[in-house]
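If you're wondering where the values come from, they're calculated on a predicted model, not measured in any experiment.
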Amino acid sequence: FCLLNSVSCILSPVFCLLYSEFFFYLRPMIQIHIANSNVIIREGLKVLLKDVENTVINGESVKNSDLFSFLKSPKIFPDILIIDYNSEFFKVEDILQLSAFKPQLKVLAITELTNKTVVRNALKAGVDGHLLNCCDFEEIRDAVSALMKGNKFFCGKLLSAISESDYKGSKSTYSCDPISLSDREIEIIKYISDGLTNKEIADKIFLSAFTVMTHRKNIMNKLGVNN
């Protein structure tokens, strides 16, 4: 069979192209579910996601009870959940329940920039990525791609806001460029936002204070902040 394919490709470039396209369309589609109480944002996300390659919207939920009913049904299970935990009928605690109920589900939060305590709680609850409503299409596309590869994806403006212990700046001070962070760096950001010192963080994650300091410097460099 392999020999036949090789010969066919040599004899017929058209056959080779058609063969490649055939298997391209056989790839499983990325199933995305939208959970947002705002109809305008739901419809806007559906329009944007139509242009994200190899994705399909397999449902939408207006409130958390609808979402959990959908996930318990025998329908095709989503790969990625896009949720606004600040919208009227959703909350951060929903993400925590989802992490326990369906740990394989990738959660991408897209919200307004809110206070850092709420965002910190969302990170603790287990979001795999977090964007803001002001982020552009390319960031949504890249976030979907990153999550499907098992990576994290966060808006730079969001992480800058929650990483500074004495954040008082205007929202426009920070870039919305995406930031790539390791799981360890995300864990340390959570503790920084809790106000823990390097020594306290080190004791919690069984590292030296020096190693935590190094991680912290790397995080600040990535975020472009100084403290």
Side-chain angles (χ1 to χ4, degrees), residues 1-2 5 8-9 13-87 89-90 94-111 122 125-155 158 176 178-181 183 186:
F1 180 72
C2 293
N5 286 339
S8 299
C9 284
V14 174
F15 173 82
C16 193
L17 178 61
L18 292 174
Y19 183 83
S20 299
E21 290 186 351
F22 173 74
F23 280 97
F24 174 84
Y25 287 109
L26 281 183
R27 292 185 305 167
M29 299 290 283
I30 299 169
Q31 304 286 327
I32 297 178
H33 191 91
I34 299 172
N36 195 306
S37 303
N38 187 310
V39 63
I40 294 176
I41 294 180
R42 284 200 315 276
E43 294 302 317
L45 283 171
K46 285 192 287 185
V47 170
L48 289 173
L49 289 166
K50 283 181 180 178
D51 292 326
V52 178
E53 185 180 283
N54 201 43
T55 62
V56 62
I57 305 298
N58 77 349
E60 56 185 286
S61 298
V62 179
K63 53 188 177 181
N64 54 11
S65 58
D66 293 341
L67 174 61
F68 284 100
S69 294
F70 180 90
L71 295 179
K72 290 176 182 177
S73 70
K75 300 175 183 177
I76 297 176
F77 192 80
D79 299 298
I80 295 176
L81 171 69
I82 297 179
I83 186 171
D84 183 350
Y85 54 78
N86 280 332
S87 61
F89 299 114
F90 293 97
D94 296 330
I95 299 171
L96 194 59
Q97 290 184 48
L98 287 167
S99 298
F101 175 57
K102 295 288 185 181
Q104 74 273 33
L105 179 65
K106 305 293 184 183
V107 179
L108 173 61
I110 302 181
T111 71
V127 295
D128 299 285
H130 202 316
L131 300 179
L132 298 174
N133 286 342
C134 61
C135 291
D136 58 27
F137 166 74
E138 286 74 18
E139 286 181 87
I140 296 175
R141 179 197 61 203
D142 292 346
V144 169
S145 176
L147 265 59
M148 288 307 298
K149 293 175 182 176
N151 299 323
K152 308 289 186 181
F153 196 96
F154 296 90
C155 169
L158 181 98
C176 200
I179 302 293
S180 175
L181 296 173
D183 288 342
I186 293 168

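- Taking the side chain as every heavy atom from C-beta outward, R42 and V62 approach each other to under 4.5 Å.
- Side-chain atoms of N64 never come within 3.5 Å of backbone atoms of F90 as a donor-acceptor pair (strictly under, hydrogens ignored).
- For NZ of K63, the number of neighbouring non-hydrogen atoms (other residues, nucleotides, ligands) closer than 6.0 Å is 12 at most.
- The shortest distance between side-chain heavy atoms of I80 and T55 does not fall below 4.5 Å.
- Looking only at distances, no side-chain donor or acceptor of D94 sits under 3.5 Å from a matching main-chain atom of Q97.
- The minimum heavy-atom distance linking D84 with N86 is given by the pair OD1-N, 2.9 Å.
- Side-chain N or O atoms of S37 include one that pairs as donor or acceptor with a backbone N or O of F89 at under 3.5 Å.
- When side chains are defined from C-beta on, I32 does not count as touching L45, because their heavy atoms never get closer than 4.5 Å.
- Contact check for S69 versus D66: no side-chain heavy atoms found under the 4.5 Å cut-off.
- A donor-acceptor pair is defined here as one N or O able to donate and one able to accept, closer than 3.5 Å; no such pair exists between the side chain of T111 and the backbone of Y85.
- Shown are V47, D142, L48; of these, the side-chain contact (heavy atoms from CB on, under 4.5 Å) with F137 is made only by L48.
- The two residues N58 and F70 make their nearest non-hydrogen contact at O-CZ, 3.4 Å.
- In this structure, the side chains of F153 and D128 stay at 4.5 Å or more apart for every pair of heavy atoms.
- Within the 4.5 Å cutoff, the side chain of L71 has heavy atoms near those of the P78 side chain.
- Side chain of R141 to main chain of V52: no donor-acceptor pair is present (N/O by atom type, distance under 3.5 Å, no hydrogens or angles).
- You'll find the side chain of H33 reaches within 4.5 Å of the side chain of L67, heavy atoms only.
- Environment of CD1 in I76: sparse, with no more than 12 heavy atoms of neighbouring residues, nucleotides or ligands closer than 6.0 Å.
- At least one side-chain heavy atom of E60 sits less than 4.5 Å from a side-chain heavy atom of E43.
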